[in-house]
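Just so it is clear, the values below take in all heavy atoms, side chains as well, and ignore hydrogens, waters and symmetry mates.
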Amino acid sequence: IYCGANASPTITKCVISNSVGTSQGGGMYCGNSAAPTVSHCTFTGNYASSGAGIFCYYNSSPSISHCTIEDGNAPSAGGGVYCYTGASPSIAFCTIANNWTGGGGGGIRCDYDTTPTISHSIFQGNMADSCGGGIDGGLGNDLTITDCIIVENTAPFGGGVICNADANVSLINCTIADNEATGVVGGGGAYGEGEKLTVTNCIFRNNSSTYKGGAMVNASFPGSCVPVITNCVFYGNTANEYGGAMVNSNDGAVCRPEITNCVFWNNGAGKSHPDIHDQYAPNPVITYCNIQQGYVGTGIIHLDPLFADP
């Protein structure tokens, strides 16, 4: 499907399968300022260099709801969806699953001043050969991700989600579980660099890293790193080396995460620091948290939270 400049078709209850776009948008291409409404559709088995399922181009603003985007193949970026140059898609109640890219963003990748809003959606089983198995925040974007499940995605770093240095990513009321980082950079659930990662009311559960930061890595490369993490649970995450739940790393600039009212429990690391590992002398501000292995900070306790299996 090709939506040209300023096009605004309504597309519903369609199946777009096994389509090939040699460059962008194997299943659907949204051109300059296009604003299609897409609902109850399935995009499956499509191929393009970028955005195998859907490619959102310059200032396009598609509304995508109750859709399945699966089994896409994008050698460059965005196995499921690629948002590019000012695009502002709304994605709600969708399943984005089992897509692959040779670059970043197995499920979705965003680049260059895009402002997608993603809610009530599932990112499952996506894979990226570079970073961001489920979601890649890309370059210079503002992403809001609310009430989503990000599960069983894989990448060398940022198995579930990556927030790049100049991206603004907000994760709210999300479950990030069973994701894996396979490289030395780590961050099985999430990898954040820069100042603009905000995580609120989220659960990080059973994520893993072959090296460090089973649930999350906060890194100050190339600039300062000041993520804000509030009211979150980190449970059952593992790293083969260190930082079973989290690694905070000074990689050339200030790394000062602000972590408040969180629980770190039943995490594990092969060598050291099953909960939080501070690398290269970062300066996190951690307050009013329940941390199984303890930590130095205001209001830190280590008492069994008595979680119940639902």
- So Ser61 and Ser88, side-chain contact (heavy atoms from CB on, under 4.5 Å) or not? Walk me through it. CA-CA 5 Å; Ser61 55; Ser88 57; 3.5 Å; yes
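- Using a 4.5 Å heavy-atom threshold, the side chains of Met28 and Pro36 count as touching.
- Side-chain contact, Asn164 with Asp136: a donor N or O sits under 3.5 Å from an acceptor N or O.
- Cluster membership check: Ile291 does not share its hydrophobic cluster with Tyr288, using side-chain heavy-atom separations under 4.5 Å among Ile, Leu, Val, Met, Phe, Trp and Tyr.
- What you find for Cys225 and Ala219 is that their closest heavy atoms are CB-O, 3.4 Å.
- Of all non-hydrogen atoms in Asn6 and Ser33, the two that sit nearest each other are OD1-CB, 3.3 Å.
- Proximity of a side-chain donor or acceptor of Asp129 to a complementary backbone N or O of Gly103 within less than 3.5 Å is not detected.
- The hydrophobic cluster containing Ile300 also contains Ile259, counting ILVMFWY residues as joined when their side-chain heavy atoms lie under 4.5 angstrom apart, directly or transitively.
- Put simply, the side chain of Ile91 reaches to within 4.5 Å of the side chain of Ile108, judged on heavy atoms.
- Nearest heavy-atom pair across Gly107 and Phe123 is CA-CD2, 4.4 Å.
- Of all the heavy atoms in Ala215 and Phe234, the pair that sits closest is CB-CD2, 3.7 Å.
- Between Phe55 and Ser60 there is no side-chain heavy-atom pair separated by less than 4.5 Å.
- Side-chain rings of Tyr235 and Phe264 stay apart, their centers remaining 6.0 Å or farther from each other.
- Ring orientation note: the planes of Tyr2 and Tyr29 are close to parallel, at an angle under 30° on the 30°/60° scale.
- Counting heavy atoms from C-beta outward, Thr101 and Arg109 have side chains that stay 4.5 Å or more apart.
- Using a 4.5 Å heavy-atom cutoff, the side chains of Ile69 and Cys94 are not in contact.
- Two residues are said to be in side-chain contact when any heavy atoms from C-beta on lie closer than 4.5 Å; Thr210 and Glu180 meet this criterion.
- Side-chain atoms of Gln24 and Ser50 include no donor-acceptor pair closer than 3.5 Å.
- In terms of hydrophobic clustering, with Ile, Leu, Val, Met, Phe, Trp and Tyr side chains grouped at heavy-atom distances under 4.5 Å, Ile172 and Val233 are assigned to different clusters.
- Aromatic ring pairs are classed by plane angle as parallel below 30°, tilted from 30° to 60° and perpendicular above 60°; the pair Tyr112 and Tyr84 is perpendicular.
- Note on Val199: it clusters hydrophobically with Tyr295, by side-chain heavy-atom contacts below 4.5 Å among ILVMFWY residues.
- Side chains of Met246 and Asp275 form no contact here, defined as non-hydrogen atoms less than 4.5 Å apart.
- Contact check for Ile229 versus Asn218: side-chain heavy atoms found under the 4.5 Å cut-off.
- Between the side chains of Thr68 and Thr42, no donor-acceptor pair is found at a separation under 3.5 Å.
- Closest approach of Val217 and Gly213 over heavy atoms only: CG2-CA, 3.8 Å.
- Contact record, Gly158 with Ala155: O-CB, 3.9 Å, taken as the closest heavy-atom pair.
- Side-chain rings of Phe93 and His120 approach one another, their centers coming within less than 6.0 Å.
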